[in-house]
S.K.: 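Below are the structure tokens for one structure; questions will follow.
The structure presented is a predicted model; accordingly, all values stated were derived computationally and were not measured.
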Protein chains: 4
Amino acid sequence: MPRHMTARRETAALRAAQTNPQAMLDRYANVRDMSLELARPLSPEDCVVQSMTEASPTKWHLAHTTWFFETFILTGHADRYQPFHERYSFLFNSYYNQVGDRIARPTRAMMTRPTMTEVLDYREFVDGAMTHLLEHIDSNSFASIVPLLELGLQHEQQHQELLLTDVKHLLSLNPLQPAYLDNGDVEPAADVQVQWKSFEAGVYEVGYAAKDFCFDNELPQHRVFLEAFSIANRTVTNGEYITFINEKGYERPELWLDLGWSIVNEQQWAHPLYWRRESDGSWSEFTLRGRRPVDEKAPLTAISLFEADAYARWNGCRLPSEQEWEVAAADVEVEGNFSDTRQLHPVGCEMNEGLGDGLLQMFGNNWEWTGSQYRPYPGYDPPTGAIGEYNGKFMCNQFVLRGGSCATPASHIRRTYRNFFPPESRWQFAGVRLVKDY
Amino acid sequence: MPRHMTARRETAALRAAQTNPQAMLDRYANVRDMSLELARPLSPEDCVVQSMTEASPTKWHLAHTTWFFETFILTGHADRYQPFHERYSFLFNSYYNQVGDRIARPTRAMMTRPTMTEVLDYREFVDGAMTHLLEHIDSNSFASIVPLLELGLQHEQQHQELLLTDVKHLLSLNPLQPAYLDNGDVEPAADVQVQWKSFEAGVYEVGYAAKDFCFDNELPQHRVFLEAFSIANRTVTNGEYITFINEKGYERPELWLDLGWSIVNEQQWAHPLYWRRESDGSWSEFTLRGRRPVDEKAPLTAISLFEADAYARWNGCRLPSEQEWEVAAADVEVEGNFSDTRQLHPVGCEMNEGLGDGLLQMFGNNWEWTGSQYRPYPGYDPPTGAIGEYNGKFMCNQFVLRGGSCATPASHIRRTYRNFFPPESRWQFAGVRLVKDY
Amino acid sequence: MPRHMTARRETAALRAAQTNPQAMLDRYANVRDMSLELARPLSPEDCVVQSMTEASPTKWHLAHTTWFFETFILTGHADRYQPFHERYSFLFNSYYNQVGDRIARPTRAMMTRPTMTEVLDYREFVDGAMTHLLEHIDSNSFASIVPLLELGLQHEQQHQELLLTDVKHLLSLNPLQPAYLDNGDVEPAADVQVQWKSFEAGVYEVGYAAKDFCFDNELPQHRVFLEAFSIANRTVTNGEYITFINEKGYERPELWLDLGWSIVNEQQWAHPLYWRRESDGSWSEFTLRGRRPVDEKAPLTAISLFEADAYARWNGCRLPSEQEWEVAAADVEVEGNFSDTRQLHPVGCEMNEGLGDGLLQMFGNNWEWTGSQYRPYPGYDPPTGAIGEYNGKFMCNQFVLRGGSCATPASHIRRTYRNFFPPESRWQFAGVRLVKDY
Amino acid sequence: MPRHMTARRETAALRAAQTNPQAMLDRYANVRDMSLELARPLSPEDCVVQSMTEASPTKWHLAHTTWFFETFILTGHADRYQPFHERYSFLFNSYYNQVGDRIARPTRAMMTRPTMTEVLDYREFVDGAMTHLLEHIDSNSFASIVPLLELGLQHEQQHQELLLTDVKHLLSLNPLQPAYLDNGDVEPAADVQVQWKSFEAGVYEVGYAAKDFCFDNELPQHRVFLEAFSIANRTVTNGEYITFINEKGYERPELWLDLGWSIVNEQQWAHPLYWRRESDGSWSEFTLRGRRPVDEKAPLTAISLFEADAYARWNGCRLPSEQEWEVAAADVEVEGNFSDTRQLHPVGCEMNEGLGDGLLQMFGNNWEWTGSQYRPYPGYDPPTGAIGEYNGKFMCNQFVLRGGSCATPASHIRRTYRNFFPPESRWQFAGVRLVKDY
């Protein structure tokens with residue numbers, strides 16, 4: 001991967017921010033600015049429309065992340081703080097039942113007011129108050145708010161990723177097929193053969209163990225027993241998936257989970273969400289840089305768990321469990337094609353990458369579907385209060401994804417990070433890496 | 001009604017435009033400008049969101065009415081006219097199956113592009129071409145396009161009304177309850193007692209007979225036999241409807257049509273759509289000028305046919321048939337509170353209005369629900385081609401409304417005008433006038 | 001039509017029953033026995049299943065009609081009558097809000113108890129009480145209950161027709177395609193050319209005027225003005241409709257009402273409900289006597305208003321209004337292929353039938369869709385109390401059908417009889433007769 | 001538990017049937033007769049109605065289990081076997097895509113034919129053919145069909161359980177609240193305090209290891225690491241759950257998984273499915289023996305995973321993982337209140353049961369919800385062909401239940417048995433046993 005396509009998690013900066021208000025303020029400013037930068041290519045119209053129930057408007061992402069700081073930091077920790085607007089708590093609460101009433105999720109789509117301009121004013125107001133707070137805070141108070149502050153920043157980074165995937169979905173529905181960013185040149189991906197890396201059966205430790213930030217769902221570190229397995233050194237390519245399509249993968253029920261097969265038929269799935277077969281028989285793909293021909297050597301992306309699972313079964317393989325994935329990632333550097341590179345689409349391997357015995361593309365590019373449904377670790381102990389609603393209540397009927405994507409900020413990801421989506425979700429940058437039992 | 005609350009249909013200007021290209025151009029410019037003026041108080045965000053399937057975004061209204069002129073006039077009649085954008089015909093066709101493919105109606109809500117700015121450019125481009133066409137047209141060609149041109153203007157006026165009612169619906173859903181226009185002073189309505197005007201049984205003529213413009217559904221003029229009836233001199237007031245509510249009108253199945261009773265229960269209707277009971281027990285009402293106290297003497301508005309019908313039954317009366325309404329209106333001046341007054345809400349009677357024996361409020365203020373389902377007149381003969389889809393295909397499971405509303409342009413209405421909506425529609429300015437059989 | 005295919009309304013017997021308790025008891029017994037006879041070919045399993053929300057199980061028809069006599073006659077008029085079962089009033093009320101609570105309509109499908117055997121016991125019990133009542137009643141009391149008694153019998157006859165059409169629908173869904181009755185020989189229909197019978201413009205009287213029984217919706221008799229029209233002497237045949245199909249009638253939006261066109265596409269209508277194209281390209285049709293080849297000369301049946309209307313438009317004609325139909329029927333004998341013939345399917349014309357200038361098939365065979373939405377006559381005055389719910393509350397978004405069908409008892413029909421169904425209904429014996437404006 | 005409330009898995013008989021055709025024939029006859037016995041208290045009407053999509057009619061259970069033997073044993077293994085009816089394969093296939101087309105699941109509800117009598121004939125025909133086959137089979141052939149034969153019997157036993165739970169659901173919807181069996185005397189349950197049994201952290205083996213029959217989803221045996229846990233000696237009682245209700249358990253979102261909270265609100269859950277609050281404030285419960293007062297000391301049953309999980313969280317506990325449950329059950333005798341006892345409802349503990357340190361009620365009474373979503377074991381290898389569809393394709397968005405219930409035949413259950421249902425399912429005999437992390 002060329003340098004410009006790679007970003008790296010910088011742990012030192014993250015650590016500094018935990019103990020130093022000024023470093024935290026820098027980090028706060030960086031993360032907050034990034035949200036604005038992501039919204040810049042969009043018109044006010046683009047920022048208000050909600051393309052499906054699962055997605056949110058850009059304007060809402062920008063306001064909701066601001067509400068998080070207002071609600072959990074400023075109110076209660078900043079002297080005499082007055083909320084920017086008395087109704088915004090009602091408007092921009094997402095799902096925290098314990099914070100009070102909130103508007104129904106589909107109603108987000110109706111909220112043309114506050115306008116984008118007013119939301120930007122809201123952000124400025126809250127950023128001013130946050131800056132004042134951090135510039136005048138004593139160290140005890142700082143220590144007490146660091147966990148929530150860091151959670152607020154991590155939360156905003158999650159919404160940055162969603163902002164991108166939601167905008168992509170919205171624009172894809174437009175018959176004009178508008179691009180979010182100009183379509184730059186894309187280097188063709190190299191042809192890298194799959195190699196398998198094997199792991200022995202045994203007891204391993206999984207879950208977060210360091211002192212920096214993690215989400216509650218990565219805790220506690222605990223032991224698991226894994227039977228032996230082998231994992232592919234790269235994710236599945238578009239070309240490999242085209243073979244699956246050509247060999248009638250979408251028409252063979254025995255390849256699919258039953259729920260997946262129902263959806264394939266009801267919604268007439270016959271290819272990945274953003275793909276289209278052109279009149280010359282070739283495949284094109286909608287991306288944040290507009291519609292482009294599918295590069296057969298590049299990674300397959302934007303598929304559901306059902307498609308990932310059917311492809312693996314067709315191939316005589318299976319998906320990794322999340323524990324297998326985490327164990328396999330133990331020695332892999334946390335670097336890759338994150339949102340920091342501004343590719344905003346998975347990129348293929350480079351020529352020389354396939355030569356070693358390392359695992360490629362484990363971080364960035366694509367979230368990787370695992371075969372694990374999202375459930376609490378043994379001893380899981382969510383915080384009390386509204387923050388306790390962050391993760392735990394979603395641990396049902398979702399599957400875990402690992403490794404971050406081209407829409408994830410580099411400073412947001414960890415080896416132990418557990419992302420999760422329902423198995424029918426197709427609009428995230430999600431791909432598939434194969435595993436075998438031997 | 002004070003003068004400033006009244007507008008009058010000016011037939012002379014309409015007639016002049018039918019024969020004189022320059023007069024037509026003036027009329028074209030006036031109508032087209034009005035659409036822009038109506039959009040002016042709105043943010044770009046307000047203009048793109050669709051609040052329900054039955055409504056359309058402002059941006060879409062502005063583009064679709066423009067598409068009408070481009071498709072039915074410029075293409076075919078203007079020399080070497082090139083459409084502004086090759087895809088706009090697909091985007092902005094509403095329901096004309098014979099013009100070609102179009103996007104599904106719910107998808108209108110997804111179209112953040114073209115932006116409002118681009119739509120305004122589109123309007124300017126088409127207006128330029130139309131101006132050029134009308135400034136250079138010979139009289140034969142002019143005569144041949146006048147019917148379509150006038151239809152295009154009448155069509156745009158219909159969308160002006162929908163733009164207002166759709167915006168009202170959208171803003172009403174916003175927890176901030178934003179006003180479209182500033183809330184000016186409103187003069188309280190006078191207390192005018194109902195008087196009944198009687199009509200004899202006999203053969204009457206209904207349908208349009210003059211030479212000016214009318215829609216195909218008002219033709220042909222034909223004879224009907226009406227049994228004797230009496231009609232109220234004014235529409236039902238908010239105060240009268242409050243009595244209906246207080247006497248449990250929404251809880252008594254025997255007052256309702258069966259379909260209406262189902263909706264009352266499923267959607268828990270207990271008052272008109274835009275009403276809210278305040279903490280002090282009083283009623284307020286959302287209007288284009290924001291939320292205001294309900295004026296008990298002012299006309300009830302924004303009710304469904306089901307509510308109009310149940311109220312009439314509760315009162316021992318019934319709704320007029322559309323023929324009865326038209327016969328009753330025969331001698332009434334076509335003037336009233338139209339959109340030209342910028343009230344944009346029904347206004348009550350004035351002190352002196354109830355004294356005579358005339359029918360009040362027949363035009364403007366509120367469309368009036370009739371008890372007639374919308375069906376073709378005997379001998380109805382729609383034009384061939386796409387324009388034939390304008391009216392006829394909707395003649396099923398709708399009810400006719402008569403008289404225009406505070407959102408209807410004065411130059412748009414006629415005594416024979418047949419508006420129509422499904423019986424459950426509640427977001428139009430629609431009220432109820434009672435009729436008795438004796 | 002051969003004699004055995006014709007039945008005739010016998011007014012004398014109906015009249016006798018109005019004044020003579022013994023004649024009424026005979027009539028009561030005849031009607032009630034007919035219901036049992038209709039159920040005889042069915043298994044208990046056939047009698048309990050509900051094939052769609054609009055249909056009801058046979059067992060429910062048998063119990064509900066019994067409940068009608070128990071509720072409206074025995075309770076209140078029979079000395080010390082004790083209901084057969086305290087819960088049956090709750091179970092077998094259909095839609096009379098004023099009689100008390102009732103089970104939700106879809107729940108009818110769940111009621112495996114009471115069993116068929118218990119329902120037959122219920123019928124016997126009520127019939128015994130009715131017999132006792134009529135055998136001992138004094139003439140004043142008899143006079144006071146005759147209207148309700150006759151209503152109860154007419155009501156039961158309506159359910160006899162629904163029982164047949166509901167059973168047909170249920171059996172048609174079974175992959176085994178079981179026949180309700182054995183498939184007897186069917187005489188091929190003769191080829192009768194359409195002739196048009198003309199009526200002058202003028203004032204006509206419509207609505208019921210005699211002294212015998214009619215439903216409230218046929219009243220009052222009143223005057224209407226009809227413009228001149230011509231009506232076809234027979235209904236449309238299967239062969240004529242095949243031409244419509246072959247000329248892509250189901251694919252041309254301009255032929256359809258907008259709501260109809262939506263359903264055509266959503267439900268993929270491409271032929272009448274009970275038709276199937278066989279592997280040899282021919283059409284077959286599911287009937288109460290099993291699946292049979294479509295007879296091209298026989299009457300088209302089991303179509304929706306939408307299909308009737310599209311066919312008429314394709315043909316340059318239209319549907320009659322219900323007033324036109326009634327005026328045309330004024331001199332036609334009330335006889336035809338009613339349920340009394342046990343054909344239970346429309347039959348074609350006979351060779352000699354087309355020779356005269358009379359209207360054929362006006363009664364029996366098929367209900368004929370009119371272009372009139374079902375609304376009250378001027379001066380309509382439903383009875384007070386629960387019986388007032390019989391007709392009036394359904395006068396919304398339905399279309400009127402006239403003339404009775406092969407599933408209607410001969411003693412049930414009148415020239416003024418107004419049947420009604422929503423325009424998408426397809427499972428009744430409903431056909432189409434064309435009208436022209438000149 | 002009194003002896004008559006206990007049944008025991010008799011492994012010896014199961015083993016004998018694997019090697020001896022006559023023993024197998026006895027076992028075959030016993031299992032098949034049991035199905036008929038279960039249907040005996042039902043009317044034909046009860047046997048045909050489907051109360052919800054997830055349930056099936058009794059008639060269908062009886063026919064589908066027969067179809068299994070016809071399709072997988074007789075066709076292919078019995079000389080010149082002719083299927084009883086050419087269409088039954090289409091009618092009675094459940095979900096085996098590889099066996100051919102089948103009717104849509106909701107259509108099962110429409111199949112009034114074949115009647116119950118015909119289905120019983122079908123069973124007799126197939127049983128005759130099976131008897132003939134087993135009486136004349138040579139030992140090699142016998143060995144080759146034993147796995148499928150045993151699978152067919154286990155399959156029929158699964159449907160016996162579903163027959164009971166489906167009938168219970170159907171009858172519960174009937175306003176008459178009919179009992180499946182007479183309401184016998186029920187001994188009140190004893191008050192047994194919860195005791196906790198602890199297990200050490202370590203590597204354990206789970207999955208089936210013996211040579212007798214098991215389903216493919218119980219394989220392969222494999223190692224897991226479990227952190228230390230303690231498990232309750234009995235399941236949660238009705239009285240304990242009443243406290244949860246009284247303390248507003250159904251109104252506190254923080255106790256619920258997010259999907260569960262949505263359902264609680266949409267479907268207005270406020271108590272277990274079959275409970276009803278009587279006018280005196282007490283709780284009653286619908287059972288297969290009719291509606292009965294809730295016994296506070298008896299086991300809570302018929303709850304969803306969501307309710308089980310919310311209750312556990314409210315209690316500061318959690319659900320066991322399926323591995324924890326299996327390890328805890330390792331030394332527990334496989335005996336309890338199975339369907340063989342004909343209680344057909346969970347029974348409480350006896351006075352003397354709580355004294356020891358053993359785990360009570362692990363088998364029978366209630367399936368116990370685990371916190372494990374149903375996924376394949378590492379190395380899972382389903383058979384090829386249609387039989388491979390038995391389990392694997394359902395491994396998505398379901399939760400595992402363990403231990404069997406009062407509707408499970410004793411000879412059907414094993415310690416390693418993995419039952420599974422979606423988390424919202426409420427109509428099975430399913431309860432909850434608590435676990436703590438220390």
Side-chain angles (χ1 to χ4, degrees), chain C residues 39 41-53 55 57-60 62-63 84-93 100-122 166-180 290, chain D residues 39 41-53 55 57-60 62-63 84-93 100-122 166-180 290:
Chain C
L42 302 170
S43 71
E45 290 91 337
D46 294 331
C47 292
V48 68
V49 169
Q50 182 176 24
S51 64
M52 58 176 169
T53 305
T58 290
K59 188 157 65 82
W60 189 90
L62 295 179
F84 181 70
H85 190 293
E86 54 174 356
R87 296 291 285 159
Y88 281 15
S89 178
F90 178 80
L91 296 179
F92 298 124
N93 181 356
D101 284 346
R102 61 184 192 274
I103 60 166
R105 184 151 188 172
T107 313
R108 285 183 197 171
M110 297 298 114
M111 282 206 302
T112 61
R113 317 280 179 97
T115 63
M116 190 65 177
T117 307
E118 290 164 325
V119 164
L120 296 180
D121 289 348
Y122 177 38
D166 293 354
V167 160
K168 181 180 172 191
H169 186 258
L170 171 67
L171 297 179
S172 79
L173 296 178
N174 193 312
L176 301 176
Q177 299 277 284
Y180 166 77
Chain D
L42 301 170
S43 71
E45 290 91 337
D46 296 330
C47 292
V48 69
V49 168
Q50 182 176 24
S51 64
M52 59 176 169
T53 307
T58 291
K59 188 157 67 80
W60 190 90
L62 295 179
F84 180 71
H85 191 294
E86 55 174 354
R87 297 291 285 159
Y88 281 15
S89 178
F90 178 79
L91 296 179
F92 298 123
N93 181 355
D101 285 344
R102 63 181 191 276
I103 59 165
R105 183 151 190 174
T107 312
R108 284 181 197 172
M110 297 298 113
M111 283 206 302
T112 61
R113 317 280 180 97
T115 61
M116 190 65 178
T117 308
E118 290 164 327
V119 164
L120 296 180
D121 289 348
Y122 178 36
D166 293 355
V167 161
K168 181 181 171 189
H169 185 258
L170 171 67
L171 296 180
S172 79
L173 296 177
N174 194 311
L176 302 176
Q177 299 276 286
Y180 166 76

S.K.: Quick check for you: to the nearest 0.5 Å, what is the distance between D:Asn174 atom CG and C:Arg113 atom CZ?
M.R.: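 Taking CG in D:Asn174 and CZ in C:Arg113, the distance rounds to 7.5 Å.
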S.K.: Could you check which of C:Ala109, C:Ser43, C:Pro175, C:Pro178 has the highest count of heavy-atom pairs closer than 4.5 Å to chain D?
M.R.: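 It is C:Pro175.
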S.K.: May I ask you to name which of D:Lys59, D:His85, D:Glu45, D:Arg87 has the most heavy-atom pairs under 4.5 Å with chain C?
M.R.: D:Glu45
S.K.: Return the CG to OG1 distance between C:Leu173 and D:Thr112, rounded to the nearest 0.5 Å.
M.R.: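 Answer rounded to 0.5 Å: 9.5 Å.
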S.K.: Once you round to the nearest 0.5 Å, how far does CE of C:Met110 lie from CG of D:Leu171?
M.R.: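 Going from the CE atom of C:Met110 to the CG atom of D:Leu171 covers 12.0 Å.
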S.K.: Once ring-ring contact (aromatic ring centres under 6.0 Å, His included) is applied, do any residues pair with D:Phe84, and if so which ones, sequence neighbours excluded?
M.R.: D:Tyr88, D:Tyr122, D:Phe125
S.K.: Which atoms of D:Pro57 come close to chain C, meaning under 4.5 Å heavy atom to heavy atom: side chain ones, backbone ones, both, or neither?
M.R.: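 The answer is neither part of D:Pro57.
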